[in-house]
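Below is one structure, written out as structure tokens; the observations come after it.
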Amino acid sequence: ERAIARHEVREIEQRHTVDGPRQDVTLDEEDDVVIIYNRVPKTASTSFTNIAYDLCARNKYHVLHINTTKNNPVMSLQDQVRFVKNVTSWKEMKPGFYHGHVSYLDFAKFGVKKKPIYINVIRDPIERLVSYYYFLRFGDDYRPGLRRRKQGDKKTFDECVAAGGSDCAPEKLWLQIPFFCGHSSECWNVGSRWALEQAKYNLINEYFLVGVTEELEDFIMLLEAALPRFFRGATELYRTGIK
């Protein structure tokens with residue numbers, strides 16, 4: 001299946017080469033850029049994504065939400081192929097900023113030469129879990145009318161821990177690792193040494209920049225300095241914005 005996937009992607013690239021660039025979507029090198037923010041839940045990802053939405057018109061790029069069924073962060077191999085095809089060949093949506101709760105996907109294994117720029121934000125694991133615990137019960141200001149899965153449950157996080165509840169189980173602290181490890185089933189095996197090492201390898205070698213929630217402003221300042229095509233004005237927006 002992977003060989004077929006590589007072949008299909010190669011066919012698209014060859015077709016673009018043979019047909020030549022379409023007149024209405026000829027891209028400068030500066031615009032032939034895709035950023036993927038495969039956001040980890042409850043790491044201030046909504047706040048950061050709002051900055052991208054607020055800047056896209058001013059800085060002339062597209063923001064696209066990767067909306068998977070039931071927010072499943074793992075795609076089937078067929079869907080991986082389709083996703084790589086779409087992101088690579090959809091020139092009308094470049095430059096593009098993609099965001100969604102999706103595990104890291106290595107475009108190179110499908111034969112793509114120009115890979116997207118990956119960024120992400122991580123958070124202290126316990127703080128992230130506490131935030132997610134209460135999010136399931138009380139939601140947030142982003143979609144205040146949406147009924148959450150645990151709405152009405154008044155049990156505190158400490159009470160959940162004391163009772164050995166599933167929503168606050170220590171295994172839940174593992175969640176950030178698979179987002180960097182990737183789509184392999186081993187990535188989701190809690191406590192896997194291989195998954196941890198793979199996640200660290202990808203973070204160091206495949207990600208352009210990874211910030212931490214507790215120092216989000218520094219992350220945004222670095223992005224503005226390094227990728228002004230997308231993030232010009234982001235620092236000021238972060239400091240003065242209301243989202």
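These numbers come from a predicted model, not from an experiment. The chain is numbered in sequence order, starting from 1.
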Straight-line distance of Met93 CE to Leu64 CG, nearest 0.5 Å: 6.0 Å
Are Asp31 and Tyr61 packed together at the side-chain level, in the sense that at least one heavy-atom pair is separated by less than 4.5 angstrom? no
Enclosure of Trp90 CH2 (heavy-atom neighbours >12, cutoff 6.0 Å): no
When you measure from the centre of the six-membered ring of Phe231, is the NZ or CZ of Arg229 under 6.0 Å away and within 45° of the axis? no
Taking the six-membered ring for Trp, is the centroid-to-centroid distance between Phe97 and His65 below 6.0 Å? no
Quick one: are Val212 and Val121 in side-chain contact, heavy atoms under 4.5 Å? no
Tell me whether the NZ or CZ atom of Arg128 lies within the 45° cone about the ring axis of Tyr132 and under 6.0 Å from its centre. yes
Could you check whether Thr43 and Arg123, counting side-chain N and O atoms only, form a donor-acceptor pair closer than 3.5 Å? no
Cation over ring face, Lys42 and Phe135, 6.0 Å, 45°: yes
Examine distances only and state if a side-chain atom of Thr88 and a backbone atom of Val84 form a donor-acceptor pair shorter than 3.5 Å. yes
Can the ring centroids of Phe219 and Phe48 be said to lie less than 6.0 angstrom from one another? yes
When the ring centroid of Phe180 is compared with that of Tyr104, is the distance short of 6.0 Å? no
